[in-house]
Amino acid sequence: MSIPSPRSLPLDTGAALAWTGRLWFIVALVGQTAFIGFILAFYGVRTATGDFAGWNDKPLIDGYIPGDRAGNIVFAAHVLLAAVVTVCGLMQLIPGLRRRWARLHRWTGRVFLAMAIFMALSGIWLSVVRETRLSEISAVAILVNAMLILIFASLAWRHAVKRRFERHRIWAMRAFMVVSGVWFLRIGLMGWVVVNRAPVGMTDDMSGPADIVLTFGSYLIPLAILELYVAAGKGANSVLKASAAALVLAAAAFTAIGVFGTVTLMWAPYL
Ligand code: HEM
């Protein structure tokens with residue numbers, strides 16, 4: 001069997017790559033909208049009605065702790081602003097919005113980057129000062145995620161201010177991937193459970209082999225796929241474009257399975 005030469009590939013591989021990218025984004029849009037819906041319906045309703053103890057109606061590490069005023073306030077701000085950062089992140093990636101309402105794109109972009117930095121700092125505070133963590137290894141994984149959010153968001157911001165728009169676009173996409181790390185983690189965990197029909201390699205404190213791969217992979221794998229997608233899109237190598245398109249298609253399929261698992265197993269039972 002020989003590897004097909006780029007010219008003998010039957011498809012327009014550039015178009016296939018662009019379409020698989022769009023397909024992945026549509027699946028992510030559905031899954032992140034479900035995440036926003038869950039945050040508002042669960043945390044939003046309980047917080048607005050003063051039922052802070054109700055945060056613990058779902059399994060959490062800490063959530064509401066009676067008497068821990070500072071910890072409860074940071075937790076509330078962190079979970080509620082998670083909805084805002086997710087909405088703004090999605091809006092940044094919708095090309096129609098970016099083209100037609102450039103002013104809105106700039107404002108939601110500023111809010112997204114500022115919220116991303118707040119989410120990372122409040123997350124670090126919860127993990128380190130409040131000591132909300134399941135295991136040391138899962139804490140290290142999410143702290144690395146937080147560092148990447150701080151670095152990528154700052155770079156995306158800096159390039160936008162300096163009007164270096166191509167570099168801004170790349171760093172903003174990288175920032176989107178790492179900010180979505182906690183969402184990817186839920187998708188990855190539940191996708192793995194659905195595919196295997198059991199929590200294979202997982203433990204209650206998230207220190208099993210599958211947990212470790214998925215906690216670091218929740219941002220490293222999407223970042224690696226993004227880099228491949230961007231590199232394949234820029235070059236003229238059709239085999240690379242076709243391979244990247246196949247990988248993104250597989251990622252879209254796994255994301256769809258993960259969204260299904262997350263909604264049915266992780267969120268819907270508590271609404
Ligand atoms: C930037 C994107 C982030 C989003 C959208 C986000 C979202 C959330 C949400 C929705 C919760 C509530 C838990 C749940 O219902 O499942 C939560 C809790 C938490 N987050 Fe984040 N988070 C982000 C980043 C981070 C980072 C970077 C860290 C750590 C450095 C972090 C640490 C925590 C901790 C410790 C909790 C409390 C968990 C518990 O008590 O069970 N988060 N986050």
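Whatever order the structure lists ligands and atoms in, that order sets their numbers, starting from 1.
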Is [X] touching ligand 1 with its side chain, its backbone, both, or neither, if touching means heavy atoms under 4.0 Å apart?
| X | value |
| --- | --- |
| R130 | neither |
| V182 | side chain |
| N145 | neither |
| R133 | neither |

Quiz item: Is any side-chain heavy atom of V195 less than 4.5 Å from a side-chain heavy atom of F254?
Solution: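 Yes; the side chains approach each other to less than 4.5 Å.
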
Would one find an N or O of [X], backbone or side chain, under 3.5 Å from an N or O of ligand 1?
| X | result |
| --- | --- |
| V79 | no |
| Y43 | yes |
| I124 | no |
| S127 | no |

Quiz item: Nearest to atom 36 (C) of ligand 1, what protein heavy atom do you find, and at what distance?
Solution: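 Looking only at protein heavy atoms, the one closest to atom 36 (C) of ligand 1 is L126 CD1, 4.0 Å.
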
Quiz item: Considering A146, G123, A83, A116, which one's heavy-atom position lies nearest to atom 31 (C) of ligand 1?
Solution: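 Shortest heavy-atom distance from atom 31 (C) of ligand 1: G123.
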
Quiz item: At a 4.0 Å cut-off, with the gap strictly under it, does some heavy atom of M115 reach an atom of ligand 1?
Solution: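 Distance cut 4.0 Å: M115 fails for ligand 1.
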
